[in-house]
Amino acid sequence: MIRRVPHASHWGSYTVLVDGDRIIGVEPLPQDPAPSPIIQSVMDWAKPDRRVLRPMVRKGWLAGQREGRGSDGFSAVPWDEALDMVAGEITRVARDHGNASIFAGSYGWTSCGRFHHAPSLLKRLLNLVGGYTGHVDTYSIAAGPVILRHVLGDDAACGGYANSLDSIVDHSETLVVFGALSPRTAQTEAGGLGTHGLEGHLRQIAASGKRVILISPLRDDLPDWMPCEWWPIRPNTDTALLLGIAGEILAAGREDRAFLERCTSGADRWLAYLRGQTDGVAKTADWAAGLCGVPAGHIRDLAAAMTATRTMMTLSWSLQRARHGEQPYWAALGLAALAGQIGLPGGGVGYGYGSLGGMGVHLSTGKSPAISQGAKAIDSFIPVARIADMLLNPGAEFTYSGETRSYPDVRMVYWAGGNPYHHHQDLNRLQAAWARPDTIVVQDPMFTATARRADIVLPATTSLERNDLAGNKRSDLVVAMHKAIEPVGQSRSDFDIFNALAGRLGVAAAFNEGRDEMGWLRHIYAESRAAAAAQGHEMPEFDSFWQRGFAEVPLKHQHTYLAKFRADPAARPLATESGRIVLGSETLDRLALDDCPAVPSWLPPGEWLGEAGPDELHLMSHQPNGRLHSQLETAAASLADKRAGREQARMHPSEATARGIADGQPVRLWNARGACLATATLCDRVAPGVVVLPTGAWFTPQGNSGLEIAGNPNVLTRDIGSSGFGQGCSAHTCLVRIEPWQGKAGDAMAIYDAELAALTA
Ligand SMILES: Nc1nc2c(c(=O)[nH]1)N[C@H]1C(S)=C(S)[C@@H](COP(=O)(O)OP(=O)(O)OC[C@H]3O[C@@H](n4cnc5c(=O)[nH]c(N)nc54)[C@H](O)[C@@H]3O)O[C@H]1N2
Ligand SMILES: Nc1nc2c(c(=O)[nH]1)N[C@H]1C(S)=C(S)[C@@H](COP(=O)(O)OP(=O)(O)OC[C@H]3O[C@@H](n4cnc5c(=O)[nH]c(N)nc54)[C@H](O)[C@@H]3O)O[C@H]1N2
Ligand SMILES: [Mo]
């Protein structure tokens, strides 16, 4: 008998076909018009390869040694002993050093299940025992939301609540895409997705015949069937382009004075900068062309179009994962204001369309399902990407969003549901930082590069091995995630692990509130159902939802961002220093940060093609097509994008020829921070000057900081905050060199597995 089991992952909703305890197939949700091929990969979770099968403790840690992480072998221990050790360390560190010395930011995408959400459960537990040091913002977006909260009053415009894509389809005449609008990234959504809608909207845009301009170093940032003008831009120079367009509008006297006066503050100061009155450099098309590589004629033409046609600008999240990533977001807002397009249907600017599948597609007005983390017990945090800075510099000061704080002295790190040896920049620097804490606990289904470098490894089940709920504010559905198979090895659900720790720490009743797994799912679903009912939207009661597998949530359509504000800014003030859109900031003026000035400004990013050596290329380490980050690296969809067992480094044929690199050849990419191998792919859809190496290959250095052989770009990227204001990650600001690789390297995945087998023998 084949069981049909409703389930979901970050890349969509599906039915798992199970024969006995064996998964034999995966079928997409029938109503999903563009299901992701990655749904097939979940079958790999059932394989024991690379799973953590038992609780493991590093031998050196048991002997009282901090050194040896990553090279020491592990001993298997019974669950009770492992849990005693973890609870003992939480108690010891809190008592001897204070709760701020426990770092439980635990950034990561974990499973899409909103109940067994490992980082949330970890925080819920620690909030009951005195708290922890957490993090703010995400690797995805930090510079962007921090500047938008300051200049717009909130970050809705980069969270999927700017103009909806259906309104762009209907009302925009000119669409300017900075970065991507790509099904590659829109496959996924944090917390799952009912239906994938980006492609449908793109087809409608293509059919509508509106003018579409793609401003990106990669032509495949829009699907190839989508007609567009492709303006390959030098990475990290969008701010110069935006300022050049603004400068031309101003020089032509076509700025919307009335909008600037009614709806913005500090505009005069920004206009003075555009005219060159503050730095002696007028921001013209010619000036911008010299920096960004887009011809001046194009820039003047777009400046004219922006005031003559209803124009929408979309900026991918990628633009702000860069040094000075605040500036393109702010400059685009300034330009949209200058053109008077903000608050009009299909006009203005929005951020992150296509970066995730629900952005601008599904705008839920309900409450998305979530487990409560409880009240924060202490106020201790770092900006998410400052992890290595924190571990290397206890007590040192940092700035964030106008505040000055200091790094805690972290003794214990607990990571559940994230993979910093995937997500962090400059992994060789992270290795040095990672050696500092007394104890590192990692809770994950997989023996990741991070788990290999932990002291205590707790095996979590994958979502297939337990019941859960998927959903988020950008999904059209709440989805039932039924258990499909029994736990692999001795793994336990995240809830069971934290509940057992709560028992040892004396807070079980407060942690579980007397509910078991299904009790919690009913409770969480009931909260979403009640919120929907309050808006007159009926969701089925739990049992019929659970049986059917999904429930529709209330959605908003044809949304025009800031329409009400535009109509009456005095009656609908924004939560900013002036109540209006801030184009010249008094707060930033007072802060006087040298990397985040008081008006949207061009600042050279430090590593970019404008200051590159003749043999350097700009590294674009964008999101992988066939997997989510490091998840399911060895499944078919991920392997399909590898060549000769390694990630592909794509570059323009002219750049390859200049370096003596042939298509399909092994290459070494390097800079002062590190080196990795990849397989070269020649491709004229990549602009000259750029090399593309996706993220997510499992970190496989030869020795602890030697040549990385799988193609993990984070041995090359730079670990520096976007600025002292946003402190976001700067993954997309990075120069590298490339050469043919003549040496032997072996099969990276087989070597990873062999090393793992030796460590856990
Ligand atoms: N160079 C470069 N680096 C980047 C980026 C970039 O553009 N360029 N992008 C950044 C961005 S935007 C992000 S969001 C990060 C992503 O970084 P991460 O979110 O850390 O990456 P994932 O591989 O998704 O890690 C999730 C981990 O959770 C585990 N997991 C899955 N299910 C469960 C579960 O049920 N329970 C538990 N306990 N664990 C589970 C997985 O096995 C995996 O190890 O990477 C960042 N890094
Ligand atoms: N399949 C898949 N989908 C994913 C993910 C995944 O791992 N796999 N990860 C998800 C996550 S966590 C996130 S945060 C989102 C991220 O979503 P994005 O940030 O939108 O994705 P990226 O792939 O980093 O970048 C998109 C494109 O931006 C362009 N770009 C980069 N820098 C610049 C620049 O300076 N200027 C211009 N004009 N263009 C630039 C690059 O050509 C790149 O292809 O993706 C999500 N979607
Ligand atoms: Mo992300």
Side-chain angles (χ1 to χ4, degrees), residues 9-11 36 38 45 106-113 116-119 121-122 138-141 177-190 214-218 220-221 231-238 241 292 315-322 325 328 352-357 385 415-425 442-446 448-451 458 460-463 465-466 468 493-494 497 605 608 618-633 637 686-687 690 692-696 712-714 716-717 729 731-734:
S9 295
H10 297 290
W11 40 93
S36 161
I38 307 174
W45 272 332
S106 193
Y107 180 76
W109 270 55
T110 193
S111 138
C112 77
H116 289 287
H117 188 256
L121 292 169
L122 170 62
T138 63
Y139 274 80
S140 320
I141 42 170
V177 179
F178 289 86
L181 283 182
S182 173
R184 169 177 55 85
T185 46
Q187 285 174 85
T188 70
E189 179 56 77
L214 172 65
I215 297 171
S216 162
L218 274 193
D220 49 14
D221 276 343
W231 298 3
I233 189 172
R234 280 178 167 171
N236 295 188
T237 65
D238 304 81
L241 174 57
C292 72
L315 276 74
S316 293
W317 283 352
S318 54
L319 270 79
Q320 52 83 69
R321 282 206 303 290
Y353 296 95
S355 293
L356 295 174
W415 224 293
N419 187 0
Y421 277 90
H422 158 69
H423 67 233
H424 195 61
Q425 287 57 63
V442 169
Q443 177 170 322
D444 203 292
M446 312 305 295
T448 61
T450 303
L458 302 179
T461 49
T462 70
S463 67
E465 299 145 59
R466 62 201 190 200
D468 213 328
S493 77
D494 289 291
I497 297 170
W608 65 298
H618 196 114
L619 174 70
M620 213 71 291
S621 52
H622 73 181
Q623 305 291 1
N625 183 51
R627 59 177 178 263
L628 177 71
H629 314 131
S630 70
Q631 297 196 44
L632 294 161
E633 192 212 13
V686 176
V690 172
V692 185
L693 178 64
T695 64
N712 184 322
N714 277 327
L716 304 165
T717 51
C729 95
H732 287 323
T733 302
C734 177

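Just so you know, ligand 1 is whichever comes first in the structure, and atom 1 is the first atom listed for that ligand.
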Query raised in the report: So which heavy atom in the protein is nearest atom 41 (C) of ligand 2, and how far is it from that ligand atom?
Result: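 Ranked first by proximity to atom 41 (C) of ligand 2 is D221 OD2, 3.3 Å.
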**Report entry** Heavy-atom nearest neighbour in the protein, as seen from atom 8 (N) of ligand 1, with distance rounded to 0.1 Å
**Finding:**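 The closest heavy atom on the protein side is S621 O, 2.9 Å.
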Consider every N or O of [X] and every N or O of ligand 2, then say whether any pair is closer than 3.5 Å.
X	answer
S140	no
P624	yes
R627	yes
I215	yes
W109	no

Report task. If the plane angle is over 60° it's perpendicular, under 30° parallel, otherwise tilted; pick one for Y139 and Y107. Result ->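 Tilted: the ring planes of Y139 and Y107 meet at 30° to 60°.
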Report task. Measure the acute angle between the ring planes of H629 and W109, then classify it against the limits of 30° and 60° as parallel, tilted or perpendicular. Result ->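 Because their plane-to-plane angle is over 60°, the rings of H629 and W109 count as perpendicular.
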Report task. Mark up the atoms of ligand 1 that fall under 4.0 Å of a heavy atom belonging to G418, in ascending order. Result ->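 Contacts of ligand 1 toward G418, numbered from 1: 20 (O), 26 (C), 27 (C), 28 (O).
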**Report entry** contact_flag R321 ligand 1 heavy-atom lt 4.0 Å
**Finding:**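 Checking ligand 1 against R321, which is what was asked, there is a heavy-atom contact under 4.0 Å.
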**Report entry** ligand 1 contacted by T461 (non-hydrogen, < 4.0 Å)
**Finding:**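 Checking ligand 1 against T461, which is what was asked, there is a heavy-atom contact under 4.0 Å.
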Query raised in the report: Between T717 and ligand 1, does any nitrogen or oxygen pair lie at a separation below 3.5 Å?
Result: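 Such a contact does not occur with ligand 1.
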Query raised in the report: Does the N or O separation between A460 and ligand 1 drop below 3.5 Å for any pair?
Result: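 There is no such contact.
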Query raised in the report: Heavy-atom contacts under 4.0 Å between L319 and ligand 2: side chain, backbone, both, or neither?
Result: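 The answer is the side chain.
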Query - Per-atom contacts of ligand 2 with H629, taking only distances under 4.0 Å to non-hydrogen atoms - result: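 Atoms satisfying the 4.0 Å criterion: 6 (C), 7 (O), 9 (N), 10 (C), 11 (C), 12 (S).
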